[in-house]
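Before any comments, here is the structure.
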Amino acid sequence: MTSSDANEQSSSLQETTYFGRLCGVRHVQVLLLFLCLTVNFLMRVNLSVAIVVMTDTGTASNNPVFNWTMAEQTQIQSVFYFGYFVMNVISAVLATIYSNKLLLFLSVSLSSAITLVTPTIVAIGGRYALLLSRVFLGVMQGMMMSNVMSLMSKWIPPTERSRCGSFIIGGMNFGTLVSFSTSGWIGFHFGWPSIYYFSGGLGAVWALTWLILAADSPENCWYITKKERDFVLQELFQCQITAGKSRKIPWKKILTNKACFALILTTIGHYWGNMTLLAEMPTYFKAVLHLHTTHNGMISALPYACMMVFSLLFSCVVDILIKRGRVSVTSARKSCNSIGQWGAAACLVVLSYCKHESTIVTMYTLGATLLGFSYFGFNINHLDIVPKYAGFFMGITNALSNISNVLGPLFVGFIVYDAENKQQWRTVFWVSAIIWFIGNSIFIIFGSGEPQDFSEDEVSEDTSVHQRSN
């Protein structure tokens with residue numbers, strides 16, 4: 001090794017150390033993406049608590065109250081995912097062609113507009129107006145995850161992938177936390193329309209902030225330093241990710257690859273169980289435990305605070321272990337996913353047999369906390385196995401996960417025809433646990449943490465072009 005090579009290597013190491021310790025512009029992008037998921041989930045999840053208030057004759061008597069059956073309520077919960085499915089497939093392709101910054105701005109700003117007008121149109125048109133607004137909201141939010149993942153692939157170095165990815169995806173939990181902890185109180189004291197005004201208003205504020213501070217990549221960010229830009233681009237190039245748009249998407253290779261197919265199946269399984277925890281537990285607490293609306297919201301929110309704290313803490317540990325070579329990426333992803341999905345499944349089964357409110361809430365909180373491990377298990381795995389097409393593949397897996405998001409609430413409505421019947425809820429919890437178990441088993445057997453063959457072929461092409469240009 002020559003003296004100049006040694007100096008160059010030393011300089012690179014210093015840059016890595018420097019930017020590993022200090023907050024850079026890439027971390028501003030990470031924070032913006034975290035807040036993007038936060039406001040989107042606020043607008044998505046608010047219905048879980050809002051519908052309790054909207055159908056409760058004991059609250060907000062100055063606002064319309066609706067006498068919807070359990071089946072009608074679950075239909076309203078699930079219809080969001082019809083529009084969401086369609087746009088995820090379309091967005092998977094759009095994210096590889098157009099500006100991710102612009103697409104995310106359109107997604108959130110239009111979602112905010114729909115949310116803000118929802119109280120007015122529901123007061124006029126009732127259940128059918130709410131169904132229609134939820135379909136449109138699903139269409140707008142269907143652009144979200146593929147663009148978020150695409151931006152992550154262009155901004156986050158591999159040595160920061162677990163913790164930054166976990167933090168961003170934690171926006172889902174934070175949005176749920178804020179929604180559950182505030183919606184019940186807001187709805188009870190100010191009427192259910194205020195729940196929509198609150199979440200829609202926050203979405204509008206985020207959209208304006210995003211226009212000013214966001215960038216599609218380090219190369220076209222107006223306020224990033226040259227040192228940080230060069231560091232990020234070098235790290236991403238070394239891990240086989242390029243910032244440019246792809247010329248051709250290898251559809252067949254991705255959808256027939258066993259690691260990709262395993263990720264699709266575990267994603268479907270994850271969201272079935274997640275749907276039970278996220279969308280149905282407030283109804284369970286109200287019907288079975290007879291919790292007050294405000295108390296219900298606070299208890300429903302508690303696990304998501306725990307999930308955020310523990311997932312962020314342990315994701316840092318996972319990054320350190322991978323960086324030091326103590327564990328492989330594949331082992332880390334499979335182990336974390338098993339703790340998350342199998343742990344949550346066990347808690348859900350135990351919960352179904354608990355009789356006391358305190359033990360039910362404890363198992364619910366523990367299950368949701370453990371589920372946080374899966375976010376740096378299967379969810380971040382898109383960046384591992386298809387780094388160049390992470391945004392596209394996230395759009396596909398997110399679209400197919402709607403099998404769970406659509407059928408799950410409908411299944412609950414079919415099984416739980418008496419909301420106070422604990423045995424019927426036990427069936428729902430057992431089915432979710434079994435699906436979690438099967439999905440993660442497939443991921444353990446066929447999943448991977450390494451770039452797949454077709455990605456390596458594409459990267460070889462890009463490397464040759466990069467070398468010729470230099």
Practice item. Report the C-alpha separation of Glu219 and Arg229 in whole Å, then their side-chain angles, then the decisive distance to 0.1 Å, and conclude whether the salt bridge (charged side-chain N to carboxylate O under 4.0 Å, His left out) test is met. Key: CA-CA 7 Å; Glu219 293 173 300; Arg229 183 187 67 234; over 6 Å; no
Please tell me whether [X] and [Y] have a donor and an acceptor in their side chains that are separated by less than 3.5 angstrom.
X	Y	result
Ser153	Ser150	no
Asn46	Ser199	yes
Asn398	Tyr84	yes
Gln141	Ser107	no

[X] side-chain N/O to [Y] backbone N/O, donor-acceptor pair under 3.5 Å:
X	Y	value
Thr330	Gly449	yes
Trp155	Ala215	yes
Asn257	Ile254	no
Glu228	Val25	yes
Ser311	Met307	yes
Ser432	Gly273	no

Contact between [X] and [Y] at the side-chain level, heavy atoms closer than 4.5 Å - yes or no?
X	Y	result
Tyr81	Arg44	yes
Leu103	Leu94	yes
Glu450	Asp384	no
Leu383	Met149	yes
Val386	Pro451	no
Thr266	Ile442	no
Met172	Met145	yes
Asn337	Trp342	no

Review point. So which heavy atom on Asn40 is nearest to which on Cys36, and how close?
Key: ND2-O, 2.8 Å
Please tell me whether [X] and [Y] form a close aromatic pair, meaning their ring centres lie under 6.0 Å apart.
X	Y	value
Trp425	Tyr284	yes
Phe314	Phe373	yes
Tyr389	Phe393	no

Distance in Å, [X] [atom1] paired with [Y] [atom2], rounded so as to fall on 0.5 Å steps:
X	Y	atom1	atom2	value
Ile264	Leu255	CD1	CG	5.5 Å
Ile97	Ser91	CD1	OG	10.5 Å
Leu312	Ser166	CG	OG	6.0 Å
Arg161	Ile380	CZ	CD1	7.5 Å
Lys334	Ile339	NZ	CD1	15.0 Å
Tyr364	Leu351	OH	CG	9.5 Å

Practice item. Report the residues that fulfil side-chain hydrogen bond (donor to acceptor under 3.5 Å, both in side chains) with Ser109, sequence neighbours left out, ordered by chain and then residue number. Key: none
Point to revise | Listed partners of Ser179 passing side-chain hydrogen bond (donor to acceptor under 3.5 Å, both in side chains), at least two apart | key: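 side-chain hydrogen bond (donor to acceptor under 3.5 Å, both in side chains) list for Ser179, sorted by chain: Ser183.
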Point to revise | Within 45° cone of Phe376 ring axis and under 6.0 Å: Arg333 NZ or CZ | key: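 No, cation not above the ring by the 6.0 Å, 45° rule.
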Check your understanding: Under the 6.0 Å and 45° cation-pi test, does Arg426 pair with Phe429?
Key ->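 No, Arg426 does not sit over the ring of Phe429.
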Practice item. Before giving the answer on side chain to side chain contact (heavy atoms under 4.5 Å, CB included), spell out for Met143 and Leu104 the whole-Å C-alpha distance, their side-chain angles and the decisive distance to 0.1 Å. Key: CA-CA 7 Å; Met143 292 190 284; Leu104 266 187; over 6 Å; no
**Study point:** Identified ring pair (Phe, Tyr, Trp, His ring centres under 6.0 Å) partner of Trp272 from the options Trp436, Phe437, Phe411
**Key:**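 Of the listed options, the one satisfying the test is Phe411.
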Review point. More than 12 non-hydrogen atoms from neighbouring residues, nucleotides or ligands closer than 6.0 Å to OH on Tyr353, yes or no?
Key: yes
Review point. Which is it for Phe174 and Val178 under the side chain to side chain contact (heavy atoms under 4.5 Å, CB included) test, yes or no, and what are the steps along the way?
Key: CA-CA 6 Å; Phe174 189 64; Val178 175; 3.9 Å; yes
Review point. Going through the checks in order, is the side chain to side chain contact (heavy atoms under 4.5 Å, CB included) test met by Leu137 and Phe80?
Key: CA-CA 7 Å; Leu137 184 67; Phe80 167 94; 3.8 Å; yes
Point to revise | Contacts of Cys354 that satisfy side chain to side chain contact (heavy atoms under 4.5 Å, CB included) - sequence neighbours left out | key: Val350, Thr359, Ile360, Met363
Exercise for review: Take the angle between the ring planes of Phe34 and Phe167 and call it parallel below 30°, perpendicular above 60°, tilted in between.
Suggested key: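 Taking Phe167 first and then Phe34, their aromatic rings lie parallel (interplane angle under 30°).
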Practice item. Could you tell me how the ring of His270 sits relative to the ring of Phe378: parallel (under 30°), tilted (30 to 60°) or perpendicular (over 60°)? Key: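 Tilted.
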Exercise for review: Take Ser401 and Ser404 through the side chain to side chain donor-acceptor pair (under 3.5 Å) test and state the conclusion after the steps.
Suggested key: CA-CA 6 Å; Ser401 71; Ser404 297; over 6 Å; no
Exercise for review: Decide salt bridge (charged side-chain N to carboxylate O under 4.0 Å, His left out) for Asp319 and Lys323; before the verdict, give the C-alpha distance in whole Å, the side-chain angles of both, and the deciding distance to 0.1 Å.
Suggested key: CA-CA 6 Å; Asp319 267 344; Lys323 185 176 181 179; over 6 Å; no
Exercise for review: Start with the C-alpha distance between Phe446 and Phe261, add both sets of side-chain angles, then the distance that settles ring pair (Phe, Tyr, Trp, His ring centres under 6.0 Å), and finish with yes or no.
Suggested key: CA-CA 8 Å; Phe446 299 107; Phe261 196 66; 8.9 Å; no
**Study point:** Verdict with reasoning, Asp216 to Lys154, per salt bridge (charged side-chain N to carboxylate O under 4.0 Å, His left out)
**Key:** CA-CA 8 Å; Asp216 280 307; Lys154 299 169 189 174; 5.2 Å; no
